[in-house]
Amino acid sequence: ETGVTQSPTHLIKTRGQQVTLRCSSQSGHNTVSWYQQALGQGPQFIFQYYREEENGRGNFPPRFSGLQFPNYSSELNVNALELDDSALYLCASSLDLAGGGNEQFFGPGTRLTVL
Amino acid sequence: KNQVEQSPQSLIILEGKNCTLQCNYTVSPFSNLRWYKQDTGRGPVSLTIMTFSENTKSNGRYTATLDADTKQSSLHITASQLSDSASYICVVSAGYGGSQGNLIFGKGTKLSVKP
């Protein structure tokens with residue numbers, strides 16, 4: 001166990017709906033990154049939050065948005081869901097950004113199915 | 001274009017045997033290389049992380065090597081166990097710190113260990 005928790009574990013939505021996924025980072029970590037992992041693929045970076053500010057974004061449309069709270073927990077919001085949004089959504093926490101070698105600790109993921 | 005290629009895509013071995021997974025990357029500038037183990041439907045768990053100056057790093061029965069000149073890494077698993085069945089993902093960090101969006105993920109090698 002990494003100490004990173006995500007909720008819910010599974011979720012089923014229909015096209016056009018909105019969804020909010022939640023992540024609690026490991027104690028002492030101030031950075032949260034979100035990834036989308038399609039079946040059989042490696043994780044794709046969505047965005048990262050550092051001290052409540054977005055700090056980097058991957059190639060995802062604006063309907064993917066996020067928040068980080070003062071306790072460093074985070075939310076991923078996806079509007080106007082599409083079938084291709086079906087994936088495992090991973091949250092990873094780490095401690096600051098210095099040096100590039102800071103290890104990321106992943107949560108168990110939320111499996112989103114869009115029908 | 002920054003890329004991480006892993007081979008083989010999948011591998012089946014018998015319990016107790018050794019195996020080696022390969023990772024080739026074209027990422028510049030290089031910061032570090034990580035190997036993760038991901039059980040089906042779960043978040044990745046870090047096995048090793050190596051910087052430019054490190055050639056080898058071990059974590060129990062897992063030994064990772066890095067050749068920064070040829071931009072190749074390998075993950076060797078010794079005396080495999082049924083619990084080693086998982087996807088193994090190679091991740092290369094581009095740049096010198098900063099956004100974790102500089103992490104380039106491979107698609108993973110799916111390892112199945114049979115009794």
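Naming convention: chains lettered A, B, ... in sequence-line order (proteins, then strands); numbering from 1 in each chain.
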Discussion item. Between B/Gln38 and chain A, with a heavy-atom cut-off of 4.5 Å, which part of the residue counts as in contact: side chain, backbone, both or neither?
Written reply: side chain
Worksheet, complete the sentence: Turns out that what part of A/Gln37 lies under 4.5 Å from chain B's heavy atoms comes down to side chain
Item to complete: Measure across A/Tyr72 and A/Arg51 and return the closest heavy-atom pair with its distance rounded to 0.1 Å.
Response: CE2-CA, 4.1 Å
Fill in: Under the salt bridge (charged side-chain N to carboxylate O under 4.0 Å, His left out) test, residues paired with A/Arg111 that sit two or more places apart
none
Worksheet, complete the sentence: Students should find that the hydrophobic cluster of A/Leu67, defined by side-chain heavy atoms under 4.5 Å apart, otherwise consists of A/Phe69
Practice prompt. Answer yes or no: does atom CD of A/Glu75 have more than 12 heavy-atom neighbours from other residues, nucleotides or ligands under 6.0 Å?
Written response: yes
Worksheet item: Between B/Glu54 and B/Thr51, is there a donor-acceptor pair closer than 3.5 Å when you use the side chain of the first and the backbone of the second?
Response: yes
Fill in: Residues in ring pair (Phe, Tyr, Trp, His ring centres under 6.0 Å) contact with B/Tyr36, at least two apart in sequence or another chain
A/Phe106
Discussion item. Taking 4.5 Å as the heavy-atom cut-off, does anything in residues 106-115 of chain B contact chain A, and if so which residues?
Written reply: B/Gly106, B/Lys107
Worksheet entry | Audit row: B/Gln3, B/Ile104, side chain to side chain contact (heavy atoms under 4.5 Å, CB included) steps and yes/no | CA-CA 7 Å; B/Gln3 281 188 321; B/Ile104 315 298; 5.7 Å; no
